[in-house]
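Reckoned from all heavy atoms, side chains included, excluding hydrogens, waters and symmetry mates.
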Amino acid sequence: MGLEKVVGAMRDNLTVRRVYGEPVEKDGVVVIPAARVIGGGGGGHGAEQDKEGEGGGFILAARPVGAYVLKGGEVRWVPAVDVTFLGAVFAITVAAIHRRRLSRRGSARSR
């Protein structure tokens with residue numbers, strides 16, 4: 001993929017439409033989903049022994065963060081619950097407590 005194509009693809013993909021989804025309306029309630037979007041890219045051009053080349057690439061990552069809910073003339077933010085993140089925090093906390101208990105038992109036995 002040439003450098004111009006990479007830059008064009010990045011420009012087309014890194015838009016506000018990636019952050020805010022299409023509004024959904026039902027029974028007088030409008031929900032606008034929102035996401036955290038991160039992207040980056042790079043490329044280059046080079047020549048060596050009568051040969052030229054160019055290339056590049058980019059990455060785009062998105063995670064839901066919540067939604068704006070419009071109802072009765074009022075707007076409120078409803079955060080998304082990231083179950084994967086909460087599970088990881090829970091597992092790390094349990095492991096830290098377990099490790100601490102083991103280290104206390106070991107130091108009590110050596111006394």
Please give me the minimum heavy-atom distance between [X] and [Y], naming the atom from each residue.
{"X": "Ala80", "Y": "Pro64", "value": "CB-O, 4.0 Å"}
{"X": "Glu52", "Y": "Ala47", "value": "CG-CB, 3.8 Å"}
{"X": "Pro33", "Y": "Ala67", "value": "CA-CB, 4.0 Å"}

task: Return each pair, listed once, that meets side-chain hydrogen bond (donor to acceptor under 3.5 Å, both in side chains) where at least one residue sits in residues 57-74; pairs must be two or more places apart or across chains.
output: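 Listed by first then second residue: Arg63-Asp82.
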message: For residues 26-41, which residue pairs pass the side-chain hydrogen bond (donor to acceptor under 3.5 Å, both in side chains) check, not counting sequence neighbours?
response: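 Pairs touching residues 26-41 that pass the test: none.
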Which atom pairs, donor and acceptor, lie under 3.5 Å between side-chain atoms of residues 83-91 and protein residues at least two apart or in another chain?
none

Single-linkage hydrophobic cluster [X]~[Y], side-chain heavy atoms < 4.5 angstrom:
{"X": "Val24", "Y": "Val65", "result": "no"}
{"X": "Tyr20", "Y": "Val31", "result": "no"}
{"X": "Val78", "Y": "Val75", "result": "no"}
{"X": "Trp77", "Y": "Ile32", "result": "yes"}

